[in-house]
Engineer: 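Have a look at this one.
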Amino acid sequence: MRKAQWMTGVLGAALIAFAGVGSAQAQQACEATEFGSDAGQVYLNAETELIQNDNPAGALQQLNQLRSMELNCYERGAMLRLSAAVKINQDDLTGAIRDLEEAIRVGAIAGDQVGQTYYSIAQLHLQTENVPQAKAYMDRWLATGVTPTRDQNWQLAVIHQQLEDYRGALPYAERVLAADGNNASRQTIDFLIFLYDRTGDRAKKAELLQRLLRTDPNDRRVWDAIAGDYYSGNQERRAFEVYKAMYLAGLLTEEQEIMRVVNFYNQFNVPFEAARILEMEMNRGRVSKTFERLELLATLYQVAREFDRALPAIREAAQMSPDGKMYERLGRSLFELGEYEDAIEAYQSAISRGNLSEPGYARVMIGQAMYELDRKGEARDFFNEATRFSDGRRAANGWVNFLDSEVRTQLALQRFQLQTRLQGLTNEKDSCEELRVFGNNLPEGCSTIDDRIAEVQAEIDQLG
């Protein structure tokens, strides 16, 4: 039997007690106050079979005989109560409910006993898992003006919760919490947190969560619940603060949890801290050092303008990559740092591995690095090569034109300088001619002036 023995011990005993005791209120509903001799003997036989002989089947047989007799209201009420006790003992809870309901209906139970019987019927319905009917009879019991005990309040809260009447469950659960005070169990607090969550009272829920944290600051479930509330309330900044506190407290150890912290820092525009945590956790082995993680680390450092710190991650990711894209990125980073020789090497590795989104521009970058190293001839070769690709053609042509312009400017400057020298030599020759009329004692330079003029003229002619 499910819980019939318990019910017999508590509810059944109470029903038997009711059977032999009248009350002023009961007498108002039923004027009879005692058994007749014949009915009384049969009832006594039934009670003896149940209590002394532990023979509920025999007791029921006697009660069936009693049912067939003409009974007054007092006898009928006692018979129904005892019948309910017998059926509870036999695990026939539905039959017991019918007997008790009939006893109330015919007025055999009245006054204070009515409320207690409502409560008993509710308990029987709970045993049959008929929660709606249990609630209905608990409501009738409450309507009699009783004050529920702490345990009865808990039962009422659970009944409402099972019927998904969370708002109806709240006052009963809150009375339990108030009764328990500082000794409230985790079960009670968790139950109220659940109810506050379902009814949307986030302030009271937060108060209880904080109470739990004061008791156990390392309780992950509570931290997660607080963060979850902030998420659902679209308060991601506060959720971030919770996760940050959890991380600093050492509560987050799984890769997914740590990556959530990293992503939070990035989301709220703190890329350097995101990169610092990611790098530290990869070095500790709690975050896997995959290509994707290394690429993210490099991006975070670059966004934070920590280009030197990004380089190791880019190098390592480039070595993992099957194509040249990360080497292309490495080349760009090295170029920005002024490491032109290393930038050229990285870009050449990128071109060698292939699958570049901008193969022409990679060649342009090599050309620029060579220009910075004053290797202009080699730079021109790579600019010319880049013109064969649509992505780099415009930039490459611009560089080729710039180099051509630079050459023209250089030639013009050389020509100007030679013309200036030639004019100076011509003036020097004129001075020599003027001095010649005064005799043969001429400056030494006058003897070589024609040769020097010829040399400069030749250089001018060579420039074209």
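Just so it is clear, the model here is predicted, and its values are computed rather than measured.
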Engineer: Are there over 12 heavy-atom neighbours, none belonging to Q348, within less than 6.0 Å of that residue's CD?
Structural biologist: yes
Engineer: Compute whether any side-chain donor of one residue and acceptor of the other, for S321 and D323, lie under 3.5 angstrom apart.
Structural biologist: yes
Engineer: Let's go through L337 and L311 carefully: what are the C-alpha distance in whole Å and the side-chain angles of both, what is the deciding distance for side-chain contact (heavy atoms from CB on, under 4.5 Å) to 0.1 Å, and is it a yes or a no?
Structural biologist: CA-CA 10 Å; L337 291 171; L311 281 178; 3.3 Å; yes
Engineer: Any side-chain donor paired with an acceptor under 3.5 Å for R329 and Q302?
Structural biologist: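 Judged by distance alone, the side chains do pair up.
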Engineer: Are side-chain heavy atoms of R167 and L195 found at a separation under 4.5 Å?
Structural biologist: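 Result no, sub-4.5 Å side-chain heavy-atom pair not found.
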Engineer: Are any non-hydrogen side-chain atoms of L50 and N55 less than 4.5 angstrom apart?
Structural biologist: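 A side-chain contact under 4.5 Å is absent here.
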Engineer: Verify whether the ring centers belonging to F335 and Y347 lie closer than 6.0 Å.
Structural biologist: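 Between Y347 and F335, which both carry aromatic rings, the centre distance is not below 6.0 Å.
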Engineer: Heavy-atom count around R186 CZ within 6.0 Å, excluding the residue itself: above 12?
Structural biologist: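 Enclosed.
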Engineer: Would you name the heavy atoms of A298 and A310 that are closest together and state the gap between them?
Structural biologist: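 Taking every non-hydrogen atom into account, O-CB, 3.7 Å.
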Engineer: Show, in sequence, the C-alpha distance, side-chain angles and deciding distance for R353 and M326, and conclude whether the side-chain contact (heavy atoms from CB on, under 4.5 Å) test is met.
Structural biologist: CA-CA 10 Å; R353 291 196 175 211; M326 283 306 291; over 6 Å; no
Engineer: Can you confirm whether or not the ring centre of F35 sits under 6.0 Å from the ring centre of Y74?
Structural biologist: yes
Engineer: With a 4.5 Å limit on heavy-atom distance, are the side chains of E358 and L356 in contact?
Structural biologist: no
Engineer: Got E328 and Y361 here, is their nearest side-chain heavy-atom distance under 4.5 Å?
Structural biologist: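 No, too far: nothing below the 4.5 Å cut-off.
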Engineer: Quick one: do R81 and D99 make a salt bridge, cutoff under 4.0 Å?
Structural biologist: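 Between D99 and R81 there is no salt bridge, as every charged N stays at least 4.0 Å from the carboxylate O atoms.
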Engineer: With the threshold set at 4.0 Å, does a side-chain nitrogen-carboxylate oxygen contact exist between K244 and E241?
Structural biologist: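 Between E241 and K244 there is a salt bridge, with a charged N closer than 4.0 Å to a carboxylate O.
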Engineer: Which is it for S349 and S352 under the side-chain hydrogen bond (donor to acceptor under 3.5 Å, both in side chains) test, yes or no, and what are the steps along the way?
Structural biologist: CA-CA 5 Å; S349 295; S352 175; over 6 Å; no
Engineer: Taking the side chain as every heavy atom from C-beta outward, state whether V42 and L63 have any atom pair closer than 4.5 Å.
Structural biologist: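 Not in contact.
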Engineer: Just one of R284, K289, R286, R293 clears the salt bridge (charged side-chain N to carboxylate O under 4.0 Å, His left out) bar with E255, so which one?
Structural biologist: R293
Engineer: Without hydrogens or angle criteria, can the side chains of Q267 and N263 be said to hold a donor-acceptor pair below 3.5 Å?
Structural biologist: no
Engineer: Between A239 and A227, which heavy-atom pair has the shortest distance, and what is it?
Structural biologist: CB-O, 4.0 Å
Engineer: Should we say atom CG of D54 is surrounded by more than 12 heavy atoms from elsewhere, each under 6.0 Å from it?
Structural biologist: no
Engineer: Salt bridge check, E164 against R198: does any charged N sit closer than 4.0 Å to a carboxylate O?
Structural biologist: no
Engineer: State, to 0.1 Å, how close A318 and Y327 come at their nearest heavy-atom pair, and which atoms those are.
Structural biologist: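 Heavy atoms only, the tightest pair is O-CE1, 3.4 Å.
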Engineer: Tell me if a side-chain donor or acceptor on D391 pairs with a main-chain N or O of G360 at a distance below 3.5 Å.
Structural biologist: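 Present.
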Engineer: Can you tell me how far apart CD (E316) and CZ (F291) are? Round to the nearest 0.5 Å.
Structural biologist: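 It is 11.5 Å, given to the nearest 0.5 Å.
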Engineer: For L294 and I314, run side-chain contact (heavy atoms from CB on, under 4.5 Å): C-alpha distance rounded to whole Å, both residues' side-chain angles, the deciding distance at 0.1 Å, then the answer.
Structural biologist: CA-CA 7 Å; L294 288 166; I314 300 175; over 6 Å; no
Engineer: Taking S120 for its side chain and Q116 for its backbone only, find out whether a donor-acceptor pair lies under 3.5 Å.
Structural biologist: yes
Engineer: Any side-chain heavy atom of N64 within less than 4.5 Å of one from R67?
Structural biologist: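 Touching, per the 4.5 Å side-chain cut-off.
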Engineer: Is the shortest heavy-atom distance from the side chain of M138 to the side chain of Q155 under 4.5 Å?
Structural biologist: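 Heavy-atom side-chain distance check passes, below 4.5 Å.
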Engineer: For T387 and R393, which heavy atoms make the closest approach, and how far apart are they?
Structural biologist: O-NE, 2.7 Å
Engineer: Report the C-alpha distance between L156 and L142 in whole Å, list the side-chain angles of each, state the deciding distance to 0.1 Å, and finish with yes or no for side-chain contact (heavy atoms from CB on, under 4.5 Å).
Structural biologist: CA-CA 10 Å; L156 284 161; L142 290 170; 4.1 Å; yes
Engineer: Is the shortest heavy-atom distance from the side chain of Y265 to the side chain of F240 under 4.5 Å?
Structural biologist: yes
Engineer: Checking E75 side chain against N72 main chain: does a donor-acceptor pair fall under 3.5 Å?
Structural biologist: yes
Engineer: Got a salt bridge between D201 and K205, using NZ or NE/NH1/NH2 to carboxylate O under 4.0 Å?
Structural biologist: no
Engineer: For the pair R363 (side chain) and G392 (backbone), establish whether a donor and an acceptor sit closer than 3.5 Å, ignoring hydrogens and angles.
Structural biologist: no
Engineer: Mark yes or no for whether Q152, through its side chain, and T149, through its backbone, hold a donor-acceptor pair below 3.5 Å.
Structural biologist: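 At least one qualifying donor-acceptor pair exists.
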Engineer: Would a line drawn from the ring center of H125 to the ring center of Y137 be shorter than 6.0 Å?
Structural biologist: yes
Engineer: Atom CZ of residue position R237 - does it have more than 12 heavy atoms of other residues, nucleotides or ligands inside 6.0 Å?
Structural biologist: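 Enclosed: over 12 neighbouring heavy atoms sit under 6.0 Å from CZ of R237.
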Engineer: To the closest 0.5 Å, what do you measure between CD1 (I121) and CD1 (I97)?
Structural biologist: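 Answer for the CD1-CD1 pair, I121 versus I97, is 7.0 Å.
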Engineer: So for atom CZ, which belongs to R238, do other residues, nucleotides or ligands contribute more than 12 heavy atoms lying within a distance under 6.0 Å?
Structural biologist: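 Open: at most 12 neighbouring heavy atoms sit under 6.0 Å from CZ of R238.
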Engineer: Please report the shortest heavy-atom distance between A179 and R150, naming the atom on each side.
Structural biologist: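 Distance-wise, the nearest heavy atoms are CB-CG, 3.9 Å.
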Engineer: Checking ring-ring contact (aromatic ring centres under 6.0 Å, His included) against Y371, which of F382, Y340, F383, W399 comes through?
Structural biologist: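 Result for ring-ring contact (aromatic ring centres under 6.0 Å, His included) with Y371: W399.
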Engineer: Rounded to the nearest 0.5 Å, what separates atom CZ in R76 from atom OG in S83?
Structural biologist: 10.5 Å
Engineer: Give, for atom CG of D190 and atom CZ of R221, the distance between the pair rounded to the nearest 0.5 Å.
Structural biologist: 5.5 Å
Engineer: Run through R276, E306, E279 and flag the one making a side-chain hydrogen bond (donor to acceptor under 3.5 Å, both in side chains) with Y301.
Structural biologist: E279
Engineer: Of all the heavy-atom pairs spanning Q162 and V131, show the shortest one and how long it is.
Structural biologist: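 Answer, listing the atom of Q162 first, then V131: OE1-CG2, 3.5 Å.
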Engineer: At what distance, to the nearest 0.5 angstrom, does OG1 of T253 lie from OH of Y247?
Structural biologist: 11.0 Å
Engineer: Is a side-chain donor-acceptor pair under 3.5 Å present for Y196 with R202?
Structural biologist: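 Looking only at side-chain atoms, Y196 and R202 do not form any donor-acceptor pair under 3.5 Å.
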Engineer: When rounded to the nearest 0.5 angstrom, what is the spacing between CG in L80 and CD in E102?
Structural biologist: 4.5 Å
